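Proteins get letters first, then strands, A, B, ... in listed order; numbering begins at 1 in each. Everything numeric in this text was worked out from a predicted model, so none of it was measured. Side chains are part of it too, since the values below use all heavy atoms of this structure and drop only hydrogens, waters and symmetry mates.
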Amino acid sequence: MKKLFITLIILMAASLTAPLLGAAQDPMETIQGPINEVLLILQSKSSKGTVSEKERIRAIINDFFDFTEISRRALARNWKKFSPDEKTAFIRIFSELLSNTYINQMQGGFENDTVIFISSEKIKENQAVVRTKIIRVNIEIPLDYRLKKKNDSWAVYDIKVEGISLVKNYRGQFKKILARKSPAHLIDLLKKKVAK
Amino acid sequence: MKTAFRITISLAVALFFASCAHAPKSTLSQSVPSKSKENAKEIILADNSEKIELEEGDELSDEEWDELEDEEDGYVLADPFYPINKIIWHFNDAVFYALLRPVSVVYSAVLPASFRQGIRNFFTNLTTPLRYVACLLQGKGEAAQAELVRFVVNSTTGFLGLVDTAAIWMPEFEKPSPEDLGQVLASWGAGHGFYLVLPFYGPSSLRDGLGFAGSYYLNPVSYVKPVETSYYIKIGEAVNDASISGKDYMMLKEAALDPYEAFKDAYIQYRQKLVEE
């Protein structure tokens, strides 16, 4: 166990000293700070499970997640079917659902997780993937963040847990619903889900 | 027994033909590519003054979305037994919440996490023969070797597999990605065939279901006599697993709008990842 622990420390230290990739902020840098912040908040016992904790985490998440991009990709070609007002409403409610799910799970008992940042690779000129791992007891969960560069800053547009892409998962569900129902109906469904 | 064998063979043959016949992607309206020329809109929201920028010039046409999805997905799984699958899915879900979950919660309260992980390690170790054979059948020599080494080390120094000593003392033999007969069939070119939800065992497919049926014979627990004991052991293993991973199931279900669809998609993506590894 000690060996593993030391390896983890070295890995983390190594990743923190990773060289900058040019003028624009490095993808890994972009998310490392916020994620560590979130972990810190979760691990601090003082504000456990309170509303303010949730709010703080939400503010952090909004910074490095591009919810507009996530919404577009989750709707894919159905994005066109939404009016501008519906688009806005969708982005807001969908991002709320995603944030809540993420936060509820973090608050719900995964507090003893540690996160290792493994690597940062550029797929295209403006797309990158940062690979991380969540260590929970003896289990390792691979978690990949996909980022897109817009206006010189990187933001997350998809997460892959154990190879399962969040955006793809929702896209399938939305496709099925929108095949028979209207965008307004989908927004309604999301609202009901969030309100629960 | 002969009939069962014949049925298995004919199913396997059907698989290879079915692998080419996954459901065609539905091309909806043959719409003309539309690139809106509107300028970027900034919409300031009254309550929390969050600005959401809609860059209309960014619109992709249907064809481009097709390409994007192809890049990412590449797999559509037919679901011809949708009505039955859905019923079984809901049945499994009910069993989880009504039986498995409550029992696993009590179980978790009694046994500390490290013990339960130990038991999981024990069962993982026990099913090495299956993964070993699956590695060999895919020509994955290194992985097979790693499985064997880890099995020997863990069974001896690791108290019959309770402790994963191999991970500590022989880290050069990294824990290989778990192989199974379904992945073997995949490596031989078989497609999923169609989606199947198995009672109790959950999402599967024709191909993976066959692999699963075959793996019965490679699982030492299956040979325990009397046969009820082997069932109890398997149930025990399920409870133990639920105590560790139960929350993941609930999380995915909570996050989903359409849980049936979400789990089907998660299954496809997860299996794809395993096959690629």
- Tell me, please, whether A:F82 has A:K87 positioned over its six-membered ring: NZ or CZ under 6.0 Å from the ring centre and within 45 degrees of its axis? no
- Task: Check each atom of A:F67 against the heavy atoms of chain B and say whether the ones under 4.5 Å are side chain, backbone, both or neither.
- Result: neither
- Message: With a 4.0 Å cut-off on N to O distance, would you call A:K150 and A:D66 a salt bridge?
- Response: yes
- Identify which part of B:Y260 has an atom lying under 4.5 Å from any heavy atom of chain A, answering side chain, backbone, both or neither. side chain
- Query: What part of B:I244 lies closer than 4.5 angstrom to a heavy atom of chain A: side chain, backbone, both or neither?
  - Reply: side chain
- At a heavy-atom separation under 4.5 Å, does A:L98 approach chain B through its side chain, its backbone, both, or neither? neither
- Within the distance-only criterion (no hydrogens, no angle test), does the side chain of B:D265 pair as donor or acceptor with the backbone N or O of B:E261 below 3.5 angstrom? no
- Salt-bridge criterion met for A:K81 and A:E86 (N-O under 4.0 Å): no
- Message: Under 4.5 Å from any heavy atom of chain A, what part of B:A256 do you find: side chain, backbone, both or neither?
- Response: both
- Item | Charged tip of A:R73 within 45° of A:Y157 ring normal and under 6.0 Å | yes
